[in-house]
Amino acid sequence: MTQAEALTIPEHIHGYPDVAFGGYVAGLLAPHAGADTVRIDFRRAVGVGTPILLSRPEPGRATFTATDDTVLVEATAATLRIDPVPAPSWSDATRSVETALSSPDRLVTDCFGCGVACAPGRGLRLFPWRVAGQELMAAAWTPDPGLADENGELPPEIVWSALDCPGGIAAWVFSRMGRGAFTAALTATRFAPVLAGADYISHAWVLHRDGRKHTVGVALSTREGELCALAEALWIEPRHG
């Protein structure tokens, strides 16, 4: 077991207020599991601006813990068994963004993933909405250079972030997921680099629902439809009453 490393999620990288954005947290932890495909399980909420510890207790496993050793997030080597739904056309994905930005049902937030209030480079500004005539959520997306590393490539925490909100919005629209739901698990793999300034299509679809649990597929493709990343996510609605 290696010595734990301390880190803090910046305060602007949140989904719900004061809670670190799930996809970003997942992408920070995933490379430390040492596998091409990794499953992230969220055990407790990770606060922004709060020190957490990165540990690698054994090969193929990594964790974020609180300073009292409570496990917050766990990464393990995994296998992804879903088949990607073909990406919609760039024009359809562009129209979905236009619909999202004009929809009265869409909340204006500063969510790191889908928040309209985020300045370019301070959030993904990924705005998915349904593709006309399909049970498919999609967005055209051109990542801002402020999200990339010195080589112009998006780091894992940004790529994983792009695999988060689209699935939640798909579950909300297509399987009637309730407000306040959260990402409980995210399993993902990457096939190709994702570059700032290039055009991509994010799309998501519902796989199944079991009570409060909603399972979705999410993909990130080039403008031409070449698959760059694929994920399966489990979202869970809060208990009420």
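- Side-chain atoms of S96 do not come within 3.5 Å of backbone N or O of T94 as any donor-acceptor pair.
- A continuous path of Ile, Leu, Val, Met, Phe, Trp and Tyr side chains, each step under 4.5 Å between heavy atoms, connects F174 with W129, placing both in one hydrophobic cluster.
- Between the side chains of T65 and T63, no donor-acceptor pair of N or O atoms lies under 3.5 Å.
- Expressed to the nearest 0.5 Å, how far CG of L136 lies from CG of D92 amounts to 9.0 Å.
- Rounded to the nearest 0.5 angstrom, I13 CD1 and F21 CZ are separated by 10.0 Å.
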**Message:** side-chain contact (heavy atoms from CB on, under 4.5 Å) for L220 and V194? Distances and angles first, verdict last.
**Reply:** CA-CA 9 Å; L220 187 65; V194 180; 4.0 Å; yes
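- Centroid-to-centroid, the aromatic rings of Y24 and F112 come within less than 6.0 Å.
- How far CZ of R223 is from OH of Y200: 12.5 Å, rounded to the nearest 0.5 Å.
- Under 3.5 Å, the side chains of T142 and D199 contain a donor-acceptor pair of N or O atoms.
- For CZ of R212, the number of neighbouring non-hydrogen atoms (other residues, nucleotides, ligands) closer than 6.0 Å is greater than 12.
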**Asked** What do the steps show when you test E74 against R44 for salt bridge (Lys or Arg N to Asp or Glu O under 4.0 Å), and what is the final call?
**Response** CA-CA 10 Å; E74 183 177 18; R44 301 283 190 279; over 6 Å; no
**Asked** Can R176 and E237 be said to form a salt bridge (Lys or Arg N to Asp or Glu O under 4.0 Å), step by step?
**Response** CA-CA 10 Å; R176 300 185 179 182; E237 298 178 27; over 6 Å; no
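- In terms of heavy-atom proximity, R125 sits nearest to C118 at NH1-O, 2.8 Å.
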